[in-house]
Amino acid sequence: MYPISYVRESADTLRAGLVARGRDPSAVDRILSLDRERRAAGDEANRLRAERNRATERLAEAAKSSTPPDDADRARLGELRDRIRELESTGSALDGEIRERLLLLPQTPHSSVPHGTGAADNIEVARFEAKRPAPNAPRPHFEVGHELNLLDEERGAKVAGEGFFVLWGDLARLEHALIRFMRELHRSRGYVEVSPPILVNSESMVGTGQLPKFADDSYQVSPDGLWLVPTAEVPVTNLFRDEVLLADDLPLRLVAYTPCFRREAGSHGVETRGIARVHQFDKVELVQFTTPESSYDALEELRTEAEEVLRRLDLPFRTMDLCTGDLGEKAAKCYDLELWAPGSQRWLEVSSVSNFEAYQAVRANIRWRRHQSAKPGPLHTLNASGVALPRLVIAILENYQTADGRVEVPPAVRDEMGGQKFLEPNPFVGEKELGRGRHSRRSSRTPGPATEKP
RNA sequence: GCUGAGGUAGCCUAGCCCGGGAAGGCGCCAGCCUUGAAAGCUGGUGGCGGUUCCGCCACGGGAGUUCAAAUCUCCCCCUCAGCGCCA
């Protein structure tokens with residue numbers, strides 16, 4: 001979000017940013033014209049209030065000295081009150097509409113962002129090949145998961161609904177081991193751990209940009225109207241809403257593990273198999289608060305930090321520099337980290353590394369000051385997944401398969417798994433095998449949409 | 001959830017009963033003094049708009065009464081204490 005003063009001063013920059021994103025630049029002009037209306041109403045109200053205050057002073061003076069009040073003043077004041085109320089109510093209606101429109105203006109892309117219209121124009125800026133040999137004829141994660149009775153979408157659907165899943169036995173253990181591994185990694189590299197609320201109020205959702213535009217993407221809980229967080233970014237960034245940080249506090253590096261909840265409205269029917277797109281998942285998230293001049297250094301640091309997770313797990317991945325047409329609403333620049341899933345023959349986005357510049361700081365009123373007597377101004381916020389779990393689990397199930405149908409535990413988390421080298425099958429299955437209901441009649445070898453190999 | 005007390009500038013506090021220009025202290029900034037610093041003294045120190053100066057807004061948020069609201073009325077939020085409930 002941009003302050004109205006910035007829109008007045010830098011309308012051309014904003015229009016250019018909208019055009020680069022393939023959006024209509026006239027949104028800026030609509031705001032400017034509402035702003036002119038608003039200021040005209042404000043100026044008139046201001047003049048009338050000045051007149052009112054002077055008449056009121058005369059009446060107050062008369063009351064004090066017990067001289068008779070001027071009836072003309074009283075009559076005029078009645079008129080003024082009505083006219084001022086009128087102007088104030090049109091003024092605040094205009095304020096509301098202006099704010100609404102400001103909240104919907106996307107962040108201007110940074111000058112280094114490649115121009116383009118969609119995902120095809122994103123630029124690969126890094127690629128990592130695993131040191132261990134690629135598996136021979138790998139199968140998709142859900143097949144392996146079902147075979148070992150470790151992955152159970154059927155009971156997830158029964159308990160909660162389509163798009164929910166259950167991990168059993170060693171796969172649940174693996175997930176927790178990965179969470180602990182990532183938290184410890186980031187903590188040891190200077191990130192302070194924080195365990196935030198995962199229900200948040202609407203102000204927080206506006207603060208980080210989920211509202212008002214993306215209300216349909218999140219779950220709202222009745223009867224209190226709180227929201228289940230779609231990412232830890234929301235509660236963690238909002239920790240400092242309406243606060244002023246000192247330069248000495250910056251950069252502030254935070255790491256948080258939370259569940260995340262996404263309605264994925266509009267994506268029904270896609271990716272029904274497996275756990276690449278689900279309504280509830282776990283994620284380790286990194287958040288940074290920085291000074292405006294250092295946020296692009298912080299962006300590279302966060303990218304390195306997220307990539308380090310994948311390197312240590314020895315998983316093949318590539319890093320994409322998102323183009324103007326694919327860049328999220330909030331971000332001035334964004335890298336996506338994509339893991340290669342050889343069983344499904346596709347790239348899986350496991351991390352978005354974004355610099356929001358002042359987009360969130362203005363919405364959430366998070367400020368900093370250079371020294372104690374300096375005027376506070378908006379700081380810059382950034383975040384990176386470090387990383388999202390279901391897709392990481394997918395990549396492990398597909399990259400760590402062995403020829404005899406087992407799945408190896410990545411060496412980096414073996415200690416967290418009591419030194420265990422392979423995932424053991426889950427022996428308890430009830431009357432039927434886990435996860436075999438809906439999909440059991442399908443072919444046992446159905447790779448997803450193929451893309452290029454790493 | 002109930003009862004009570006509260007919310008005033010970065011922080012602390014007066015004003016509220018009984019309506020009429022938001023006072024004071026701390027902190028911070030500048031100046032004076034000083035070799036330097038402290039102390040002391042003087043001034044400044046919320047936001048917006050036009051800019052020597054002035055105007056408007058601002059007392060948790062909103063609505064109302066009134067010529068006029070920090071002050072009276074109503075609704076909501078938050079903090080603290082006691083009680084209740086509770087993993």
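For the numbers below, each heavy atom of this structure counts, side chains included, while hydrogens, waters and symmetry mates do not.
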Problem - Short side-chain N/O contact to B:C57 OP1/OP2 from A:N46, under 4.0 Å - result: no
Handout entry: Spacing of the C1' atoms in B:G19 and B:U71 (rounded, Å)
Key = 6 Å
Practice task
Report yes or no: is there a donor-acceptor pair, N or O only, under 3.5 Å between the side chain of A:R81 and the base of B:U65?
Solution key: no
Practice task
Would you kindly give the CG-to-C1' distance between A:D43 and B:C57, to the nearest whole Å?
Solution key: 13 Å
Handout entry: Complement of B:C11, any strand, by Watson-Crick or G-U distances under 3.5 angstrom
Key = B:G25
Practice task
Rounded to the nearest angstrom, tell me the gap between atom CG in A:D95 and atom P in B:G49.
Solution key: 13 Å
Handout entry: Euclidean distance, atom CZ of residue A:R38 to atom C1' of B:C57 [Å, nearest integer]
Key = 11 Å
Exercise for the section: Would you kindly give the CZ-to-C1' distance between A:R52 and B:G21, to the nearest whole Å? Expected result: 14 Å
Problem - Under 3.5 Å on both distances, the Watson-Crick or G-U partner of B:U65 - result: none
Handout entry: Pair assignment for B:G46, Watson-Crick or G-U wobble, requiring both distances under 3.5 Å
Key = B:C57
Problem - B:C48 phosphate, OP1 or OP2, under 4.0 Å from A:R49 side-chain N/O - result: no
Practice task
May I have the distance from A:D35 (atom CG) to B:C48 (atom P), rounded to whole angstrom?
Solution key: 15 Å
Handout entry: Base partner of B:A87, which must satisfy Watson-Crick or wobble distances under 3.5 Å
Key = none
Exercise for the section: Using the C1' atoms only, state how far B:G46 lies from B:C29, rounded to an integer number of Å. Expected result: 16 Å
Problem - Side-chain N,O (A:R47) to OP1/OP2 (B:C54) below 4.0 Å - result: no
Problem - Between A:W368 and A:T291: side-chain donor-acceptor atoms closer than 3.5 Å - result: no
Fill in the blank from the handout: pair_partner(B:A38), Watson-Crick or wobble, both distances < 3.5 Å, evaluates to none
Exercise for the section: Whole angstrom is fine here: how far is it from CD1 in A:I84 over to P in B:G55? Expected result: 16 Å
Problem - Euclidean distance for C1', B:C78 against B:C26 (whole angstrom) - result: 25 Å
Exercise for the section: Could you give the distance separating B:G24 and B:C59 at their C1' atoms, to the nearest angstrom? Expected result: 16 Å
Exercise for the section: For B:A9 versus B:A39, give the span between their P atoms, rounded off to a whole number of Å. Expected result: 25 Å
Completion exercise
Any strand, both distances under 3.5 Å, Watson-Crick or G-U wobble: B:U79 pairs with B:A5
Completion exercise
Taken to the nearest whole Å, CD/A:E51 to P/B:C67 is 17 Å
Problem - Given RNA chain B, 5'-ward residue of the pair A:A60 and A:A45, judged by closest heavy atom - result: A:A60
Problem - A:R8 atom CZ, over 12 foreign heavy atoms within 6.0 Å - result: yes
Completion exercise
Looking only at B:G49, B:C57, B:U66, the nucleotide nearest the A:R85 side chain is B:U66
Handout entry: Side chains of A:Q288 and A:N383, donor plus acceptor under 3.5 Å
Key = no
Practice task
Would you indicate what A:R76 reaches in the nucleic acid, counting non-hydrogen atoms under 4.0 angstrom: base, sugar-phosphate, or nothing?
Solution key: nothing
Practice task
Go through the side-chain N and O atoms of A:K283 and A:T258 and say whether any donor and acceptor fall under 3.5 Å apart.
Solution key: no
Practice task
Please work out whether the ring planes of A:F142 and A:H146 are parallel, tilted or perpendicular, with thresholds of 30° and 60°.
Solution key: tilted
Problem - Assigned partner base of B:G19, Watson-Crick or wobble definition, under 3.5 Å - result: none
Exercise for the section: Verify whether one side chain among A:E233 and A:T208 offers a donor that lies under 3.5 Å from an acceptor in the other. Expected result: no
Handout entry: P atoms of B:G82 and B:A14, separation to the nearest Å
Key = 23 Å
Exercise for the section: May I ask you to evaluate whether A:N53 reaches the phosphate of B:C57, defined as a side-chain N or O under 4.0 Å from OP1 or OP2? Expected result: yes
Handout entry: Minimum side-chain heavy-atom gap A:L382-A:V287 below 4.5 Å
Key = no
Fill in the blank from the handout: Of B:C57, B:C67, B:G55, the nucleotide closest to the side chain of A:L77 is B:C67
Handout entry: Spacing between A:R39 atom CZ and B:G55 atom P, to the nearest angstrom
Key = 21 Å
Practice task
Could you check which nucleotide pairs with B:U52 in any of the strands shown, counting Watson-Crick or G-U wobble with both distances under 3.5 Å?
Solution key: none
Problem - Nearest-angstrom distance, C1' atom, B:G47 to B:A38 - result: 35 Å
Handout entry: B:G21 and B:C76, which share atom name P, separated by this distance in whole Å
Key = 31 Å
